[in-house]
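Some notes on the structure that comes next.
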Amino acid sequence: MISEASKLRFAREVAKYPADQRQSAVMACLAIAQQELGYVSPEAEREIAEYLGMSPMAVHEVTTFYNMYNQRPVGKYKLNVCTNLPCQLREGVSTLKYLEAKLGISMGETTADGMFTLQQSECLGACADSPVMLVNDRSMCSFMTPEKLDQLVDGLRATGEK
Amino acid sequence: MTAQHILSQFRATGVQTCFHDRHISPQILLGLNGANWRLKDYESRGGYQALRKVLGIGGGEPMTQDQVIATVKESALRGRGGAGFPTGLKWSFMPRQFPGQKYLVCNSDEGEPGTCKDRDIMEFNPHIVIEGMAIAAFAMGISVGYNYIHGEIFSTYDRFEEALEEARAAGLLGNNILGSDFSFQLHAAHGFGAYICGEETALLESLEGKKGQPRFKPPFPASFGLYGKPTTINNTETFAAVPWIIRNGGQAYLECGKPNNGGTKIYSVSGDVELPGNFEVPMGTPFSKVLELAGGVRTGRKLKAVIPGGSSSPVLPASIMMDCTMDYDSIAKAGSMLGSGAVIVLDDSRCMVKSLQRLSYFYMHESCGQCTPCREGTGWLSRVVDRIENGHGRPSDMDLLDSVAEDIQGRTICALGDAAAMPVRAMIKHFRHEFEYHVEHKTCMVPAYV
């Protein structure tokens with residue numbers, strides 16, 4: 001179930017568009033639902049479809065087209081490391097490999113404790129900050145040297161927030 | 001410490017990429033420090049004076065729509081998103097007398113590998129985009145606009161929303177702006193990870209709440225755009241250039257650059273340089289100067305090649321590049337494109353097969369699947385480059401790549417097919433010997449890089 005707080009945020013998005021174009025808010029609503037639930041479940045898609053007056057399949061088309069929507073549960077922290085060419089030239093790939101070794105998983109996997117999901121990503125649009133990593137869709141982390149990666153991963157672990 | 005606190009420590013400050021003294025006569029990035037992005041700071045830099053001038057507020061006659069468009073035409077401002085289309089001409093295509101709703105859209109879906117300028121503009125100087133859009137809306141008689149922002153830069157989207165709130169509260173957006181009879185509602189929207197949405201008609205589809213698959217053109221957005229209504233779409237940096245042009249005149253802007261290439265341009269320099277970042281310099285600045293601003297090639301290495309305008313633009317060898325100036329016409333003459341102005345620098349330790357392998361994978365991953373030549377062709381290109389890199393290439397593979405690329409180019413609805421094909425053809429044209437070496441020796445001719 002999507003919370004009332006998220007529904008209030010939906011309303012703010014819908015208000016940006018003409019009254020007969022509620023569907024325009026679907027991208028934002030899915031992102032809000034993902035922020036609350038961790039992923040976009042079929043139930044969330046149905047709720048959003050109903051809220052916006054769309055067919056559930058039309059919502060599902062959007063979920064599956066865009067890379068950042070999680071179609072299944074992910075770890076508490078989703079780490080997306082850019083490895084596109086400008087980042088490949090500046091330690092992007094070694095950053096990904098460093099995290100694979102540190103977390104003991106391969107890219108695409110989630111740690112057994114459910115804390116971290118590690119993914120390779122396409123261009124994040126922060127090429128001069130390489131190596132860059134996006135955490136949970138909303139926090140861009142720049143110039144991620146191994147020391148900073150340690151700080152980030154160990155720090156998040158130490159918060160004890162599961 | 002909360003998780004949010006931990007993550008915020010790694011947020012970019014802009015010091016390395018934007019707040020340095022290595023711009024030349026900057027207009028958009030002038031005087032920024034990261035803290036002075038708010039409305040009052042922008043106004044203290046002369047912000048919103050251009051909008052006031054257009055509306056005739058604070059003395060002086062208001063400008064007419066024709067005068068604004070004529071000024072932009074005179075400036076020779078060309079689209080900063082990649083195509084380099086003359087902005088004033090595009091604005092003149094909008095049917096101003098159309099009786100129904102018209103829309104203005106800002107394309108901030110900055111995902112062309114190598115490009116990171118619009119992010120810094122919106123993060124550190126968001127009001128310059130708002131002012132530019134308001135002036136454009138006035139010139140074309142448009143009352144509603146959207147800024148579609150790359151989903152990956154969410155904190156920048158949040159920043160832009162904050163700036164919008166400030167502008168609305170100050171009467172710079174909304175109904176009867178600054179007491180005039182001009183009204184303009186501007187909103188921010190975001191993507192969520194689809195390179196293709198940087199293509200303007202895919203962006204419109206996405207803004208309508210659909211998967212971002214490009215539309216056939218014609219009809220062009222000027223006649224059939226958002227919700228089927230006349231729509232003008234420009235890049236973030238293009239709008240950001242407008243306030244300066246209105247304040248100082250089209251001729252003054254033109255004179256900053258060179259004929260047919262007016263003004264300054266922000267180049268995102270990435271890859272094998274000492275100091276990657278954004279550099280705002282006059283159009284027509286020598287490439288060698290831009291390279292120098294970025295600290296030069298990494299210490300101890302030599303320049304091998306440059307991808308001058310984002311990953312889709314054809315690669316150029318160092319010898320050609322060092323003779324170029326950075327503007328649309330010079331780079332086109334050299335056989336590539338200025339594109340978005342994203343300069344990806346490769347040094348002499350780089351294997352061109354491995355570099356192309358990553359790019360070809362990207363285009364395969366991001367093809368929307370609508371057109372067969374692109375959907376199938378990008379996969380084909382990626383797999384063939386893969387096998388060459390992995391030591392399974394065949395002597396005929398270079399010709400095969402060229403032929404597949406040729407069969408994609410010009411045969412798709414949008415430019416993604418061309419964008420996938422051009423890097424392949426240019427790599428083989430200029431660095432065929434490296435591909436041949438790979439096929440013959442099943443290994444790389446330059447030291448492997450990670």
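Note on naming: letters A, B, ... go to the chains in the order of the sequence lines (proteins, then strands), and numbering restarts at 1 for each one. Being a predicted model, the structure only gives us computed values, none of them experimental. Because only heavy atoms are used, hydrogens play no part in the values below, and waters and symmetry mates are left out as well, while side chains stay in.
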Just wondering, do [Y] and [X] contact through their side chains at under 4.5 Å, heavy atoms?
| X | Y | answer |
| --- | --- | --- |
| Gln151(A) | Gln9(B) | yes |
| Asn80(A) | Glu152(B) | no |
| Glu122(A) | Tyr361(B) | yes |
| Gln21(A) | Tyr227(B) | yes |
| Phe154(B) | Met140(A) | no |
| Thr159(A) | Met1(B) | no |

Tell me, for [X] versus chain B, whether the close heavy atoms (under 4.5 Å) come from the side chain, the backbone, both or neither.
| X | answer |
| --- | --- |
| Leu152(A) | both |
| Ala28(A) | both |
| Met54(A) | side chain |
| Ser130(A) | neither |

List the steps and the verdict of side chain to side chain contact (heavy atoms under 4.5 Å, CB included) for Leu85(A) and Ile307(B). CA-CA 11 Å; Leu85(A) 181 59; Ile307(B) 301 174; 3.8 Å; yes

Over all atoms of both residues, closest heavy-atom pair of [X] and [Y]:
| X | Y | answer |
| --- | --- | --- |
| Ala128(A) | Cys116(B) | N-SG, 3.6 Å |
| Cys123(A) | Gly114(B) | SG-N, 4.3 Å |
| Ile344(B) | Pro86(A) | CD1-CG, 3.8 Å |

At under 4.5 Å between heavy atoms, what parts of residues 6-17 of chain A are in contact with chain B? List them by residue number. Arg12(A), Glu13(A), Lys16(A), Tyr17(A)

Pair Ser206(B), Tyr66(A) - check side chain to side chain contact (heavy atoms under 4.5 Å, CB included), show working. CA-CA 10 Å; Ser206(B) 183; Tyr66(A) 297 88; 2.9 Å; yes

Sort out for me which residue in Glu61(A), Gln23(A), Met27(A) forms a side-chain contact (heavy atoms from CB on, under 4.5 Å) with Lys210(B).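 It is Gln23(A); the other options fail the test.
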
To the nearest 0.5 Å, what is the distance between CZ (Phe10(B)) and OG (Ser139(A))? 11.0 Å

Rounded at 0.5 Å granularity, tell me how far CG in Leu7(B) sits from CG in Leu134(A). 10.0 Å

Can you name the side chain to side chain donor-acceptor pair (under 3.5 Å) partners of Asn147(B), sequence neighbours left out?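 Partners of Asn147(B) by the side chain to side chain donor-acceptor pair (under 3.5 Å) criterion, ordered by chain and then number, come out as Ser108(B).
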
Determine whether Tyr157(B) and Arg138(A) satisfy the following criterion, side chain to side chain contact (heavy atoms under 4.5 Å, CB included), listing intermediate values before the conclusion. CA-CA 10 Å; Tyr157(B) 168 79; Arg138(A) 289 173 193 245; over 6 Å; no

Looking at [options], which makes the most heavy-atom pairs under 4.5 Å with chain B?
| options | result |
| --- | --- |
| Gly92(A), Ala58(A), Ser142(A) | Ser142(A) |
| Asp20(A), Asn84(A), Leu52(A), Thr64(A) | Asn84(A) |
| Pro18(A), Cys82(A), Ser121(A), Cys87(A) | Pro18(A) |

Go through the atoms of [X] and report whether side chain, backbone, both or neither lie under 4.5 Å from a heavy atom of chain A.
| X | answer |
| --- | --- |
| Thr17(B) | side chain |
| Leu207(B) | both |
| Leu186(B) | neither |
| Ala342(B) | neither |
| Val345(B) | backbone |

Only pairs of heavy atoms separated by less than 4.5 Å count here; which of His187(B), Arg11(B), Lys117(B) has the most with chain A?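 Ranked by contacts with chain A, first place is His187(B).
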
Suppose a student defines contact as a heavy atom less than 4.5 Å from any heavy atom of chain A. Which residues in residues 268-277 of chain B would they list?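 Hits under 4.5 Å: Val269(B), Ser270(B), Gly271(B), Asp272(B), Val273(B), Glu274(B), Pro276(B), Gly277(B).
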
Establish, from distance only, whether the side-chain atoms of Ser24(A) and Tyr146(B) form a donor-acceptor pair under 3.5 Å.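 No, because no side-chain N or O of Ser24(A) sits under 3.5 Å from a partner of the opposite role on Tyr146(B).
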
For Phe192(B) and Asp137(A), run side chain to side chain contact (heavy atoms under 4.5 Å, CB included): C-alpha distance rounded to whole Å, both residues' side-chain angles, the deciding distance at 0.1 Å, then the answer. CA-CA 9 Å; Phe192(B) 222 57; Asp137(A) 312 322; 3.9 Å; yes

Closer than 4.0 angstrom, basic N to acidic O: yes or no for Asp129(A) and Arg119(B)?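 Counted as a salt bridge, because a side-chain N and a carboxylate O are separated by less than 4.0 Å.
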
Ring pair (Phe, Tyr, Trp, His ring centres under 6.0 Å) with Phe143(A): which residues, sequence neighbours excluded? none

